[in-house]
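Presented below is the structure to which this report refers.
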Amino acid sequence: MAYNRRETIKAMSKWQSEQKYTHFVTATFQYGNNLTDDQVLKTLRFFFNAIDLNIYKRKGINKGKRVERMVYLERGRGRDNLHTHFFFKGTDENQAKQICQIATELWQNKIHKSHSIKILPNTHKDNRNGYGMKEHYFADDDNFVAELSVINTLQ
C-alpha cells in the first residue's frame, strides 16, 4: 500500500481534535535568523520546561506533571522561516489563562531571536487541528516534535 499524505493528515487531525486542545499557538523567530534545528530545539525545550516549571513547580515536574501539548516545527514555504505551532490545554480555564500569560511573557522576554507569539482559542469550528501537518509533504520535514509534546494517555 502506498503512503497517502492526505489520509495521514486527516487521521492525525481527527485524533488531535479528539484530544480537545483548548489553544493554538504560533511562535515565530526573527525572519532570516541563522538558528540551526538543534538550537531551535534547545530553545523550545527551555521554553516548554519554563512553562511547566511555572505551572507545576519542581515538585510537580518530579512527579511527572507537564502541560499537555502537541508541538510542530515548521520551516515555512521558502524553507527559511523556522517557527513552531503548538496546541495545549490547561486543567481548567484559569490554568489555561495562566499558560497563555507565561508563554507570552517568556517568548517576548526570554527567547533569543524570538519575533512574535500569537495564542488563539482552538475551537472546533476553526478546524486548526490539521494545521500543524500542513508542511508534512517535504521529505526533510518531520514536523511533529515528539520530544517536546506531552500527551496524556491515561484518560
Side-chain angles (χ1 to χ4, degrees), residues 4-29 31 35 37-57 60-61 63-77 79 81-111 113-138 140-155:
N4 186 319
R5 173 185 174 269
R6 223 173 283 227
E7 288 301 313
T8 300
I9 292 171
K10 186 177 174 183
M12 182 68 169
S13 178
K14 180 182 181 300
W15 180 86
Q16 190 165 292
S17 177
E18 292 167 356
Q19 306 316 301
K20 301 193 180 348
Y21 290 102
T22 58
H23 291 80
F24 172 76
V25 183
T26 300
T28 61
F29 292 93
Y31 188 77
L35 295 171
D37 287 3
D38 287 340
Q39 289 171 317
V40 169
L41 286 173
K42 182 178 178 181
T43 298
L44 292 176
R45 274 193 298 276
F46 166 81
F47 175 70
F48 289 116
N49 285 333
I51 291 171
D52 291 337
L53 190 57
N54 272 278
I55 296 296
Y56 291 113
K57 310 298 180 228
I61 290 173
K63 291 181 180 179
K65 291 186 175 186
R66 298 282 181 157
V67 172
E68 282 190 66
R69 57 186 171 256
M70 292 282 293
V71 181
Y72 298 88
L73 190 58
E74 293 185 353
R75 290 171 175 79
R77 286 187 183 152
R79 315 303 291 150
N81 185 20
L82 210 51
H83 61 282
T84 185
H85 297 288
F86 63 95
F87 295 84
F88 77 85
K89 60 182 166 183
T91 55
D92 57 35
E93 192 175 322
N94 284 339
Q95 188 187 70
K97 285 180 183 177
Q98 190 179 10
I99 294 166
C100 290
Q101 181 181 11
I102 292 165
T104 300
E105 202 169 289
L106 280 168
W107 196 260
Q108 292 175 341
N109 299 315
K110 300 286 184 184
I111 300 301
K113 295 190 178 182
S114 68
H115 177 61
S116 66
I117 185 166
K118 186 173 186 176
I119 304 174
L120 301 169
N122 185 44
T123 63
H124 182 68
K125 67 179 180 181
D126 295 323
N127 197 26
R128 291 189 181 102
N129 292 301
Y131 192 81
M133 297 286 290
K134 73 181 183 305
E135 290 187 14
H136 181 65
Y137 49 85
F138 288 106
D140 69 337
D141 203 2
D142 213 5
N143 56 352
F144 171 69
V145 188
E147 72 178 88
L148 299 175
S149 299
V150 177
I151 302 167
N152 182 0
T153 57
L154 304 172
Q155 294 186 15

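- Residues Thr26 and His83 come closest through the heavy atom pair CG2-CD2, 4.5 Å.
- Taken to the nearest 0.5 Å, the CG atom of Asp52 stands 10.5 Å off from the CZ atom of Phe47.
- Side-chain contact between Thr84 and Val40: absent, with no pair of heavy atoms (C-beta onward) separated by less than 4.5 Å.
- Judged by distance alone, the side chain of Ser114 and the main-chain N or O of Trp107 form a donor-acceptor pair under 3.5 Å.
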Task: Worked check of side chain to side chain contact (heavy atoms under 4.5 Å, CB included) between Ile111 and Ile117 - done: CA-CA 11 Å; Ile111 300 301; Ile117 185 166; over 6 Å; no

Open item on the list: Thr43 vs Leu35, test: side chain to side chain contact (heavy atoms under 4.5 Å, CB included). Steps then yes/no.
Closed with: CA-CA 10 Å; Thr43 298; Leu35 295 171; 5.5 Å; no

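- What you find for Arg69 and Ile151 is that their closest heavy atoms are O-CG1, 4.4 Å.
- Residues forming a side chain to side chain donor-acceptor pair (under 3.5 Å) with Gln95 (at least two apart in sequence, or on another chain): Tyr56, Thr91.
- In this structure Glu147 satisfies the side chain to side chain donor-acceptor pair (under 3.5 Å) test together with Arg45, sequence neighbours excluded.
- The structure places CD1 of Ile51 at 12.0 Å from CD of Gln101, a figure rounded to the nearest 0.5 Å.
- Leu41 has its side chain within reach of Leu148: a pair of non-hydrogen atoms, C-beta onward, lies under 4.5 Å apart.
- Note that CD of Gln19 is 12.0 Å distant from CG of Asn122, once rounded to the nearest 0.5 Å.
- For the pair Phe87/Tyr72, a side-chain contact is recorded, criterion being any heavy-atom separation below 4.5 Å from C-beta on.
- Residue pairs meeting the salt bridge (charged side-chain N to carboxylate O under 4.0 Å, His left out) criterion with at least one partner in residues 101-111, sequence neighbours excluded, are absent.
- Here the closest heavy-atom approach between residue Ala50 and residue Leu106 is recorded as CB-CD1, 3.6 Å.
- Checking side-chain atoms of Ser116 against main-chain N and O of Thr28 turns up no donor-acceptor pair under 3.5 Å.
- When all heavy atoms of Phe24 and His85 are compared, the pair lying nearest together is CZ-ND1, 3.5 Å.
- Here the closest non-hydrogen pair linking Ala103 and Ile119 is CB-CD1, 4.2 Å.
- When side chains are defined from C-beta on, Gln98 does not count as touching Val67, because their heavy atoms never get closer than 4.5 Å.
- Side-chain contact between Gln39 and Phe29: absent, with no pair of heavy atoms (C-beta onward) separated by less than 4.5 Å.
- At least one side-chain heavy atom of Arg66 sits less than 4.5 Å from a side-chain heavy atom of Ile61.
- Remark: Ile99 CD1 to Asn94 CG distance equals 11.0 Å, nearest 0.5 Å.
- Summarising the local packing, NZ of Lys57 is surrounded by more than 12 heavy atoms from other residues, nucleotides or ligands at distances under 6.0 Å.
- Remark: aromatic rings of Phe88 and His23 are close, center separation under 6.0 Å.
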